[in-house]
Amino acid sequence: MLIDTYGRVATDLRVSLTDRCNLRCTYCMPEEGLQWLAKPDLLTDDEIVRLITVAVRDLGVEEVRFTGGEPLLRPGLVGIVERVAALAPRPQMSLTTNGIGLERTAAALRAAGLDRVNVSLDTLRPDVFTALTRRKRHADVLRGLEAARAAGLTPVKVNTVLMPGLNDDEAPDLLAWAVAHDYELRFIEQMPLDAQHGWQRDGMITAGDILDSLRTRFTLTPEGHGERGSAPAERWVVDGGPHRVGVIGSVTRPFCRACDRTRLTADGQIRTCLFATEETDLRAALRSGAPDAEIARIWKLAMWGKKAGSGLDDPAFLQPERPMSAIGG
Ligand code: SAM
Ligand code: SF4
């Protein structure tokens, strides 16, 4: 098991398949100038599948989530999904994507064994989408969402970050739209993980702000008596049900005590936390011929050192070097 000194057990593995992206979301990437990881440093498809196999077979990982950068840009994605689906025990598999290109790949991903997708969409207004992502691809995302539902990659979840002055007035409209289309909406507080290091706590839209805004139009009842277990999203029943809305208050309502995640970057580094400033190099072990048992030992040791929390509230908090696009959300 991937257990740490606080007794938490990591069963949810996030795998970043690339640091590249076809959008430039302001809270994630700079407009230009971000250095990509060098090709030889990226794990190959075989290396990724081998590490996931060790995690699932030997280390108790039950859920694998593919992310990026934009994971749909990874040419071998469908093949990776297919090989992970063949593992025993078979893990749950999901994909976090900006939705561009999903229209073409949703059916193949489903056939390969993908269970679900989370599609990121912050606005219903094409002009605001262009301002937020610096690309005119709003219609592609909407088509990707439709395709995901048609392919049975359900429940389709939609991830939304609200930015002050841009889309912070859209929470109720987004929820009405999500309910009408049978998507499960989850708002994520903006975190200090942008490549430009421009995040400011004072300016961010908090979980409290989001709930206040939603309550102007909807009745929200806490799901499961406010218990959220290891799930980062606090979920609310919308207008008596059946639809739900999630709010992930990573900054103002942290869930570190129940965290069950371990992360693998596209260049083969283990991260114990989104906000970790240290990484453990699995790629070096892999490429020096380490057997599976040694890989498992290094992974366990890395997780044993997982810190209690994100450190966001510590005055000495340091934003990690890696931007979100190279960690994977
Ligand atoms: N490109 C894919 C996407 O956008 O879904 C996968 C990678 S992206 C880094 C994963 C998630 O992280 C997205 O839902 C995105 O909105 C979220 N994200 C990126 N930067 C963030 C930040 N600074 N704070 C909060 N969420 C962020
Ligand atoms: Fe790309 Fe996702 Fe980052 Fe947006 S949030 S720039 S889509 S990696």
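Hydrogens, waters and symmetry mates are skipped; everything else that's a heavy atom, side chains included, is used. Please read all numbers here as calculations on a predicted model, not as lab measurements. For ligands, and for the atoms within them, numbers begin at 1 and follow the listed sequence.
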Residue [X] vicinity, atoms of ligand 1 by number, heavy atom under 4.0 Å:
{"X": "Thr67", "answer": "6 (C), 7 (C)"}
{"X": "Glu189", "answer": "24 (N), 25 (C)"}
{"X": "Gln190", "answer": "24 (N), 25 (C)"}
{"X": "Val161", "answer": "16 (O), 26 (N)"}

Would you find a donor on one side and an acceptor on the other, under 3.5 Å apart, between the side chain of [X] and the backbone of [Y]?
{"X": "Arg110", "Y": "Leu114", "answer": "yes"}
{"X": "Asp58", "Y": "Ala296", "answer": "no"}
{"X": "Arg143", "Y": "Glu103", "answer": "no"}
{"X": "Arg74", "Y": "Thr18", "answer": "no"}
{"X": "Thr160", "Y": "Leu121", "answer": "yes"}

[atom]: the protein heavy-atom neighbour that sits closest, reported with distance to 0.1 Å:
{"atom": "atom 1 (Fe) of ligand 2", "value": "Cys21 SG, 2.3 Å"}
{"atom": "atom 16 (O) of ligand 1", "value": "Tyr27 OH, 3.4 Å"}
{"atom": "atom 24 (N) of ligand 1", "value": "Met191 N, 2.8 Å"}
{"atom": "atom 8 (S) of ligand 1", "value": "Gly329 N, 4.3 Å"}
{"atom": "atom 3 (Fe) of ligand 2", "value": "Cys28 SG, 2.4 Å"}
{"atom": "atom 6 (S) of ligand 2", "value": "Cys25 N, 3.3 Å"}
{"atom": "atom 5 (O) of ligand 1", "value": "Ser120 OG, 2.5 Å"}
{"atom": "atom 18 (N) of ligand 1", "value": "Met324 CE, 3.7 Å"}

**Asked** Applying a strict 4.0 Å limit to heavy atoms, is Met29 in contact with ligand 2?
**Response**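 For ligand 2, residue contact (heavy atoms, under 4.0 Å) with Met29 is present.
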(Q) Against ligand 2, does Gly69 come closer than 4.0 Å with any heavy atom? (A)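 Flag set, Gly69 near ligand 2.
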Worksheet item: Aromatic rings Trp177 and His181: how do their planes relate, parallel, tilted or perpendicular, breaks at 30° and 60°?
Response: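 Rings of Trp177 and His181: tilted, 30 to 60°.
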Do Arg287 and Asp281 meet the salt-bridge criterion of a basic N to acidic O distance under 4.0 Å?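 Not counted as a salt bridge, because no side-chain N and carboxylate O are separated by less than 4.0 Å.
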- Flag the pair Glu294 and Arg297 as a salt bridge only when some basic side-chain nitrogen lies within less than 4.0 angstrom of an acidic carboxylate oxygen.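 A salt bridge is present here (some side-chain N lies under 4.0 Å from a carboxylate O).
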What do we get for Thr96 next to ligand 1 when only non-hydrogen atoms under 4.0 Å count, side chain, backbone, both or neither?
->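 Both backbone and side chain of Thr96 come within 4.0 Å of ligand 1.
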Please confirm whether [X] comes within less than 3.5 Å of ligand 1 when only nitrogen or oxygen atoms on both sides are compared.
{"X": "Asn159", "result": "yes"}
{"X": "Glu70", "result": "yes"}
{"X": "Thr97", "result": "yes"}

So Thr206 and Glu189, do their side chains get closer than 4.5 Å, heavy atoms only?
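Answer yes - side chains close enough.
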CE on Met324 to SG on Cys25, rounded to 0.5 Å |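 Reported to 0.5 Å precision, the distance equals 10.5 Å.
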Measuring from Arg20:CZ to Leu73:CG, what's the distance to the nearest 0.5 Å?
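Going from CZ on Arg20 over to CG on Leu73, the span is 9.0 Å.
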When you compare the side chains of Asp46 and Thr44, does any donor N or O come within less than 3.5 Å of an acceptor on the partner?
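Side chains of Asp46 and Thr44: no pair found under 3.5 Å.
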**Sub-4.0 Å heavy-atom contact, Gly69 with ligand 1** =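 The answer is yes, since Gly69 has a heavy atom less than 4.0 Å from ligand 1.
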